[in-house]
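Here is the structure we will look at, set down as structure tokens.
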Number of protein chains: 2
Amino acid sequence: MLISKSCVYGLRASLFLASKKNGEYISIRDMSEKLGISFHFLTKILQQLTAYGLMESYKGPNGGVRLSKPAGDIKFIEIVVAIDGDDLLNECVLNLPGCGSDTPCPLHESWSKTRESIKAMLENTSLEYLAKEGKNKNLRLSEVGNFDWE
Amino acid sequence: MLISKSCVYGLRASLFLASKKNGEYISIRDMSEKLGISFHFLTKILQQLTAYGLMESYKGPNGGVRLSKPAGDIKFIEIVVAIDGDDLLNECVLNLPGCGSDTPCPLHESWSKTRESIKAMLENTSLEYLAKEGKNKNLRLSEVGNFDWE
DNA sequence: TGTATTTAAGACAAAAGAGTCTTAAATATT
DNA sequence: AATATTTAAGACTCTTTTGTCTTAAATACA
């Protein structure tokens, strides 16, 4: 898979938050139920995003998490890098250490192009865009049908 | 990672074979040493490619494996599908079951385009092309420097 | 026939990813 | 102050992937 499961969960939660009024803290419990993701697991993942500065959290009653900046300013790629690291954007597809323009592997060229297209997609897609798109077209964000964009 | 480690090893070995005269059986031991891949692990992987019909094997002294058809007729994508399956080409990037044009996820459109470019790369690249390219430009196929295209 | 060489098959172990659970710390409310 | 709610942190388990090892089967050759 291109992106780890943790990363996908983090992205789904981010889209959930992006669809809400900014500034409002949303509880992880709430999200986990609506998105169909294990609460504890989601907590751990969102802790990473918080540590990375993409989210802010608040403890106690009515606490929760929220995006640390407007959804339009957060790109898909930031979530991916925060959780999966930047291997996807740098690593040689043949997994050879030190593959680069100086000592390329046979797939260096073809893969570079493909990687650029992946990178472009990740860099050009903001949470705001995805959330708006999702809301307008009522697209799916959970496996089970228990999520509403409102 | 886009492609599993097993798949990468399978591909490296396939390129090794593609660089040899066709029809000649090459021992897995030999390949594993020149490519820097564990012998037993490589054996297991190549067994999959053999079972899939992409390679032929021969037991006994001077035995080994060889490509079952000309390297020009084997596309990168065949190796990937044989080892990793076709999830990469079908699966929704948000990992939602049943995501499709009828019930799409927010990333359905953007990801479809990216996936097509990956698919195109995999479908248009033959082992022969990669091996020739590698041989002509003396590109790297192993981590350590113990591989020669000859 | 016997032996060495090679792939086949499958058990086993180690590492990484995914997921669960418990306890601690912070905060709001009563 | 006491209690309920919520994230933080970390131990723990389960699953998948990766990697190792042993034994069996096929083949060539002396």
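Throughout, a chain's letter reflects where its sequence line sits, starting with A, and its residues are numbered from 1.
Between B/Phe41 and B/Tyr9, the angle of the ring planes goes over 60°, which puts this pair in the perpendicular group of the 30/60° scheme.
Between the P atom of D/dA8 and the CD atom of A/Gln47 lies a distance of 5 Å, rounded to the nearest Å. Here D/dT17 presents its C1' atom at 16 Å from CD1 of B/Ile37, a figure rounded to the nearest Å. Atom CG of B/Asp84 is separated from atom P of D/dT16 by 15 Å (rounded to the nearest Å). One interatomic measurement links the two molecules: CG of B/Leu46 to P of D/dT18, which rounds to 15 Å at whole-angstrom precision. Rounding to whole angstrom units, CG of residue A/Asp30 and P of D/dT5 are separated by 15 Å. In this structure, B/Tyr25 atom OH and D/dA28 atom P are separated by 10 Å, rounded to whole Å. Residue A/Leu49 contributes atom CG, which lies 14 Å from atom P of D/dA9 at whole-angstrom precision. We find that CD1 of B/Ile45 is positioned 15 Å from C1' of C/dA8, with the value rounded to whole Å.
Under a cut-off of 6.0 angstrom, the local environment of NZ in A/Lys20 is crowded, with over 12 non-hydrogen atoms contributed by other residues, nucleotides or ligands. Counted within 6.0 Å of NZ on B/Lys132, heavy atoms from surrounding residues, nucleotides or ligands total 12 or fewer; the atom is thus considered open. Surrounding OH of B/Tyr25 are more than 12 heavy atoms belonging to other residues, nucleotides or ligands, all under 6.0 Å away.
The residue B/Ile28 sits close only to the backbone: its heavy atoms come under 4.0 Å of sugar-phosphate atoms, none of a base.
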Quiz item: When you check every protein heavy atom under 4.0 Å of nucleotides 18-30 of chain C, what one-letter string (B, S, -) results, 5' to 3'?
Solution: SBBBB---BBS--
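With 3.5 Å as the limit, one finds a donor-acceptor pair spanning the side chains of B/Ser117 and A/Ser117.
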Practice problem: Check step by step if side-chain contact (heavy atoms from CB on, under 4.5 Å) holds for A/Glu128 and A/Asp73. | Solution: CA-CA 8 Å; A/Glu128 182 185 47; A/Asp73 294 349; over 6 Å; no
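Residue B/Ser57 has a polar side-chain atom (N or O) positioned under 4.0 Å from OP1 or OP2 of C/dA8.
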